[in-house]
Amino acid sequence: MRFPPAVKSQISTMHRYRTHTCGALRSGDIGIEARLSGWCHRIRDHGGVLFIDLRDHYGITQVVADPDSAAFKVAETLRAEWVVRVDGKVRARPDGTENPDLPTGVVEVYVREIEVLGPAGELPMPVFGDQEYPEDIRLKYRFLDLRRERLHNNIIKRGEIIDSIRRRMKAQGFFEFQTPILTASSPEGARDYLVPSRLHEGKFYALPQAPQQFKQLIMVSGFDRYFQIAPCFRDEDARADRSPGEFYQLDLEMSFVTQDDVFDAVEPVIRGVFEEFAGGKPVTPKFPRIPYKEAQEKYGTDKPDLRNPVVMANVSDIFRGSGFKIFARILETSGTAAVWAIPAPRGGSRAFCDRMNSWAQGEDQPGLGYIFFAGEGGAVVGRGPVANNLGAERTEALRQKLDLNDGDAVFFVAGEPQTFVKFAGAARTKIGEELGLIDKGRFEFCWIVDFPMYEWNEDEKKIDFSHNPFSMPNLPVDEFLTLDASDRDKILGLRAIQYDIVCNGVELSSGAIRNHRPDVMKKAFAIAGYPEAELEKRFSGMLHALSLGAPPHGGIAPGIDRIVMLLCGEENLREVVLFPMNQRAEDLMMGAPSEVSPKQLRELHIRVVRPGTS
RNA sequence: GGGGGCGUAGCUCAGUUGGUUAGAGCGCUAGCCUGUCACGCUAGAGGUCGCGGGUUCGAGCCCCGUCGCUCCCGCCA
């Protein structure tokens with residue numbers, strides 16, 4: 001591609017590139033000489049008169065050329081996305097041709113001179129317009145996509161949100177720290193990204209999955225209130241709301257605190273940020289606290305979308321010994337079996353109920369039993385096969401318990417709650433979506449509290465940590481230290497001082513009051529079957545630190561990308577990350593990951609063994 | 001690792017029951033056009049229908065395999 005010859009500037013006193021940005025000119029500027037630089041967003045060539053929408057980061061200004069202007073010939077050669085400098089006089093647009101959609105819409109620049117600064121070839125993806133394009137094209141030409149309004153605005157908003165978070169954290173007495181990026185392979189559960197060591201053959205650094213141990217060490221070091229907009233690295237498969245490889249957390253930790261203190265510190269920051277950037281959407285004024293068990297029973301998940309008004313209920317009593325033999329039999333065979341009801345307000349049509357039933361079968365479920373209610377001779381009567389077998393009396397009891405009326409329906413799942421809870425939660429979500437019950441115009445927060453400390457691993461017939469092994473068990477220390485294997489039920493009933501913050505069904509974060517006592521930690525790991533020697537080997541640094549005067553401490557780490565995603569109204573993290581990788585953890589623009597030279601590998605004592613050749 | 005969806009022009013897509021020369025819009029090229037802001041009008045170029053194999057007189061369409069993208073499950077304390 002050739003650059004057209006540059007035209008020597010006639011106004012030597014002007015800045016080389018611009019006197020104004022493309023979003024600056026207003027009616028008060030009419031009559032002045034202006035110089036603008038930017039991209040040719042859109043060109044409308046009428047033969048005799050030619051319009052260029054010149055765009056930069058700040059806005060769009062209409063530039064006009066006609067055969068009387070010296071630059072007309074150059075203007076006719078311009079194409080979309082060329083970068084140009086234009087000089088000209090700011091003038092009022094003729095009456096009736098103002099564009100109220102543009103802040104600069106009452107003026108235009110009548111061009112005298114054009115210099116092409118950066119021509120562009122044929123575009124693989126236009127910048128103009130809001131058409132959707134495939135992910136791989138968008139990612140390969142991310143710089144073009146980022147010129148487009150939506151992504152450009154998302155990225156700006158991301159920066160503003162992070163600024164606001166920093167401001168609010170510092171106002172609460174938190175200090176920002178930087179923790180290492182090259183560190184040791186860590187105890188957290190995800191797969192590490194490893195970096196081979198040149199100086200130590202056969203040894204590896206790992207990128208931090210989170211600065212978990214460092215922030216605890218900062219507390220042990222006496223700093224009291226830590227935060228960081230922290231990069232985190234995990235080598236796990238991606239999801240729409242889970243970036244592959246790397247992401248950012250608002251990581252924070254506090255000393256001498258209870259769970260309430262952490263909530264009191266974090267909740268105003270999160271609520272404040274959401275109120276600031278929600279664009280008027282209401283935000284939960286006081287985040288409710290929902291125990292893990294209650295969340296499972298009411299919503300079928302530990303990250304409920306509280307915009308969905310559907311609340312499930314245990315209706316085993318109504319089905320036990322009833323004429324609906326399928327459920328009655330299930331309840332007889334096991335003491336833990338249950339029947340849960342999922343109310344569906346305004347879902348009371350056979351068509352909807354049948355649709356839900358076939359959806360359930362598509363989800364590998366036997367089906368989804370239902371009753372729908374309809375008015376009949378002044379009374380509200382349950383319809384459908386379940387109601388017929390259950391009988392009028394029990395159906396009416398059910399209707400009253402769930403407060404259902406003419407036009408409503410209710411669905412049932414039966415069996416072991418442990419196995420059906422996930423499906424029940426999905427059905428609740430499906431009902432909410434299908435019936436339009438979810439108010440999209442709000443941010444509904446909650447805390448999920450009282451997570452179980454341990455869970456039973458049926459495959460290996462052993463007790464496992466349920467979530468974070470470094471959380472403090474919610475039991476007096478003396479009592480915890482005297483637990484033994486015979487207390488299995490007590491152990492499995494133990495709760496950890498651990499919590500999640502959830503917004504609109506998206507898990508923003510996990511946090512905990514940490515286990516700062518080496519004796520408690522050794523006991524906690526012993527219960528999960530880790531011998532003390534292994535604990536010493538894997539976490540000796542941490543254990544030493546905790547044994548030389550550690551304050552009680554706790555914290556949390558809300559995901560920055562997810563917060564920005566919610567506030568931008570996006571459903572995919574890639575829309576709020578500047579240069580994201582694709583689902584297979586590749587950067588299509590930079591070509592990462594890539595092969596490296598044999599010399600590099602030799603220095604790192606690495607040999608590549610391809611599958612099938614070893 | 002498993003399951004679903006998609007793959008046709010530079011881009012977005014249509015393509016009937018398997019049947020003549022695979023179409024449209026945007027973009028691109030050339031021409032016309034003095035007030036548009038998704039400017040308009042005329043003409044033109046542009047295709048290994050992801051790739052490989054099969055069935056068939058005949059495949060963009062059916063079958064098998066494979067690759068790529070994406071969503072989900074596993075995984076992510």
Side-chain angles (χ1 to χ4, degrees), chain A residues 41-55 60-69 72 76-77 79-81 91-102 104-105 108 110 120-141 144-145 186-192 209-210 212-213 232-245 247 362-364 422-423 426 451-455 464-471 496 498 500 507 509-512 514-515 524-525 528 557 559 571-572 574 581-584 586 588:
Chain A
H41 188 61
R42 194 80 173 157
I43 297 166
R44 294 175 296 279
D45 184 350
H46 291 235
V49 63
L50 182 152
F51 302 97
I52 302 162
D53 289 338
L54 197 66
R55 181 197 76 238
I60 287 178
T61 299
Q62 176 164 283
V63 172
V64 193
D66 66 26
D68 296 334
S69 79
F72 189 69
E76 283 185 312
T77 66
R79 292 292 176 269
E81 293 308 306
R91 68 184 194 190
R93 294 196 189 189
D95 278 349
T97 65
E98 299 90 350
N99 185 345
D101 296 332
L102 289 180
T104 62
E108 60 191 13
Y110 180 66
E122 188 173 351
L123 301 167
M125 190 187 93
V127 172
F128 177 81
D130 51 9
Q131 172 130 35
E132 299 280 351
Y133 296 95
E135 286 282 344
D136 45 347
I137 300 270
R138 292 182 58 197
L139 291 172
K140 184 167 180 186
Y141 301 100
L144 290 180
D145 207 11
S186 70
E188 282 97 317
R191 197 177 289 117
D192 282 320
Q209 297 179 24
Q212 179 67 34
Q213 291 193 68
C232 304
F233 305 90
R234 292 178 193 173
D235 186 5
E236 296 291 350
D237 290 348
R239 289 289 183 279
D241 64 352
R242 201 168 80 206
S243 293
F247 58 96
E363 299 285 302
D364 288 333
K422 202 164 186 172
F423 168 70
F451 280 83
M453 181 90 188
Y454 296 104
E455 64 190 14
D464 273 350
F465 284 114
S466 181
H467 295 88
N468 184 341
F470 299 101
S471 305
Q498 191 181 331
D500 277 6
E507 182 191 318
S509 172
S510 246
R514 318 299 172 188
N515 186 338
F525 273 79
E571 305 221 318
N572 193 303
R574 282 188 294 267
M581 295 197 282
N582 69 6
Q583 197 174 35
R584 296 189 56 208
E586 297 166 305
L588 296 176

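Residue numbering restarts at 1 for every chain, and letters A, B, ... go by the order of the sequence lines. Everything quoted here is computed from the prediction, not taken from an experiment.
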Q: For rG46(B) and rA9(B), measure between their C1' atoms and round to the nearest Å.
A: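 Each nucleotide's C1' atom is 6 Å from the other's.
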Q: Could you state the atom-to-atom distance from CG of Asp145(A) to C1' of rC11(B) in whole Å?
A: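 For the pair Asp145(A) CG and rC11(B) C1', the rounded distance is 13 Å.
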Q: From the set rC76(B), rC71(B), rU70(B), return the single nucleotide nearest to any side-chain atom of Ala240(A).
A: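 Given the options rC76(B), rC71(B), rU70(B), the side chain of Ala240(A) is closest to rC71(B).
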Q: How far, in whole Å, is rG18(B) from rA59(B) if one measures between their C1' atoms?
A: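 Per the computed distance, 6 Å lies between those C1' atoms.
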Q: Roughly how far apart, to the nearest Å, are rG50(B) and rG68(B) at atom C1'?
A: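 Result for the C1' pair: 7 Å, nearest Å.
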Q: Between the protein and nucleotides 36-38 of chain B, are there any N/O to N/O pairs under 3.5 Å, and if so, what are the atom names and distances?
A:
{"unit_1": "rU36(B)", "atom_1": "O4'", "unit_2": "His46(A)", "atom_2": "NE2", "d": "3.4"}
{"unit_1": "rU36(B)", "atom_1": "O2'", "unit_2": "Arg44(A)", "atom_2": "NE", "d": "3.3"}
{"unit_1": "rU36(B)", "atom_1": "O2'", "unit_2": "His46(A)", "atom_2": "NE2", "d": "3.4"}
{"unit_1": "rU36(B)", "atom_1": "O2", "unit_2": "Arg44(A)", "atom_2": "NE", "d": "2.6"}
{"unit_1": "rU36(B)", "atom_1": "O2", "unit_2": "Arg44(A)", "atom_2": "NH2", "d": "2.9"}
{"unit_1": "rU36(B)", "atom_1": "O2", "unit_2": "Gln62(A)", "atom_2": "OE1", "d": "3.4"}
{"unit_1": "rU36(B)", "atom_1": "N3", "unit_2": "Gln62(A)", "atom_2": "OE1", "d": "2.8"}
{"unit_1": "rU36(B)", "atom_1": "N3", "unit_2": "Gln62(A)", "atom_2": "NE2", "d": "3.2"}
{"unit_1": "rU36(B)", "atom_1": "O4", "unit_2": "Gln62(A)", "atom_2": "NE2", "d": "2.9"}
{"unit_1": "rU36(B)", "atom_1": "O4", "unit_2": "Arg93(A)", "atom_2": "NH1", "d": "3.2"}
{"unit_1": "rU36(B)", "atom_1": "O4", "unit_2": "Thr97(A)", "atom_2": "O", "d": "3.4"}
{"unit_1": "rC37(B)", "atom_1": "O4'", "unit_2": "Arg44(A)", "atom_2": "NE", "d": "3.2"}
{"unit_1": "rC37(B)", "atom_1": "O2", "unit_2": "Asn99(A)", "atom_2": "ND2", "d": "3.0"}
{"unit_1": "rC37(B)", "atom_1": "N3", "unit_2": "Arg93(A)", "atom_2": "NH1", "d": "2.8"}
{"unit_1": "rC37(B)", "atom_1": "N4", "unit_2": "Thr97(A)", "atom_2": "O", "d": "2.3"}
{"unit_1": "rA38(B)", "atom_1": "O3'", "unit_2": "Arg42(A)", "atom_2": "NH2", "d": "3.2"}

Q: Give, for atom CG of Leu50(A) and atom CG of Asp45(A), the distance between the pair rounded to the nearest 0.5 Å.
A: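 One finds 4.0 Å between CG of Leu50(A) and CG of Asp45(A).
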Q: What is the separation between atom CZ on Arg239(A) and atom C1' on rG3(B), rounded to the nearest whole Å?
A: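 Answer to the nearest Å: 12 Å.
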Q: Between rG65(B) and rC73(B), how far apart are the C1' atoms? Round to whole Å, please.
A: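 Pairwise C1' distance, rC73(B) against rG65(B), rounds to 25 Å.
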Q: Of the listed nucleotides (rG74(B), rC71(B), rA30(B)), which one gets closest to any side-chain atom of Lys422(A)?
A: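 Given the options rG74(B), rC71(B), rA30(B), the side chain of Lys422(A) is closest to rG74(B).
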Q: How far, in whole Å, is rC28(B) from rC11(B) if one measures between their P atoms?
A: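 It works out to 15 Å between them.
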Q: Of the candidate nucleotides rU34(B), rC71(B), rA77(B), which contains the atom at the shortest distance from the side chain of Asn572(A)?
A: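 Ranking rU34(B), rC71(B), rA77(B) by closest atom to the Asn572(A) side chain puts rC71(B) first.
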Q: Can you tell me, in whole Å, how much space there is between the C1' of rC62(B) and that of rG19(B)?
A: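 Here rC62(B) and rG19(B) have their C1' atoms 14 Å from each other.
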Q: From the list rA77(B), rC71(B), rC11(B), which nucleotide is the closest neighbour of the side chain of Ile137(A)?
A: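 Nearest to the side-chain atoms of Ile137(A), counting from C-beta on, is rC11(B).
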Q: From the list rA77(B), rC69(B), rG35(B), which nucleotide is the closest neighbour of the side chain of Pro469(A)?
A: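 Between rA77(B), rC69(B), rG35(B), the one nearest the side chain of Pro469(A) would be rA77(B).
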Q: Examine Phe465(A) together with Phe470(A) and report whether their ring centres are nearer than 6.0 Å.
A: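 No.
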Q: Checking all strands, does Pro94(A) fall into the base, sugar-phosphate, or nothing category for heavy-atom contacts under 4.0 angstrom?
A: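 Base, at least one base heavy atom under 4.0 Å.
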Q: Using atom P in both nucleotides, what's the gap between rC6(B) and rU42(B) to the nearest angstrom?
A: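 Rounded to whole Å, the distance is 36 Å.
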Q: Select from Met581(A) and Asp45(A) the residue whose nearest nucleotide in RNA chain B is closer to the 5' end of that strand.
A: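 Whichever sits nearer the 5' end wins; that is Asp45(A).
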Q: Quick check for you: among rG1(B), rC72(B), rC28(B), whose closest atom lies nearest to any side-chain atom of Gln583(A)?
A: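 Nearest to the side chain of Gln583(A) among the choices is rC72(B).
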Q: One thing to verify: whether Arg191(A) and Glu236(A) come together as a salt bridge, which I'm taking to mean a side-chain N less than 4.0 angstrom from a carboxylate O.
A: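 Looking at Arg191(A) together with Glu236(A), the answer is yes, because their closest N to O distance falls below 4.0 Å.
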Q: Tell me, what's RNA chain B's dot-bracket, Watson-Crick or G-U with both distances under 3.5 Å, | for other-strand, [ ] crossing?
A: (((((((..((((.....[...)))).(((((.......))))).....(((((..]....))))))))))))....
Q: Among Arg42(A), Arg44(A), His41(A), which residue satisfies the side-chain hydrogen bond (donor to acceptor under 3.5 Å, both in side chains) criterion with Asp53(A)?
A: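 Testing each of Arg42(A), Arg44(A), His41(A) against Asp53(A), the sole residue satisfying side-chain hydrogen bond (donor to acceptor under 3.5 Å, both in side chains) is Arg44(A).
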Q: Nearest of rU29(B), rC11(B), rC69(B) to any side-chain atom of Glu586(A)?
A: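 Of all the options, the side chain of Glu586(A) is nearest to rC69(B).
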Q: If you check the Arg574(A) side chain, which of rA77(B), rU12(B), rC71(B) turns out closest?
A: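 In terms of side-chain proximity for Arg574(A), the closest of rA77(B), rU12(B), rC71(B) is rC71(B).
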Q: Can you check the distance between rG7(B) and rC49(B), where both ends of the measurement are the P atom (answer in whole Å)?
A: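 Here rG7(B) and rC49(B) have their P atoms 15 Å from each other.
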Q: According to the interplanar angle, ranging from 0 to 90°, do the rings of His467(A) and Phe451(A) count as parallel (below 30°), tilted (30 to 60°) or perpendicular (above 60°)?
A: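 Geometry flag for Phe451(A) against His467(A): perpendicular rings.
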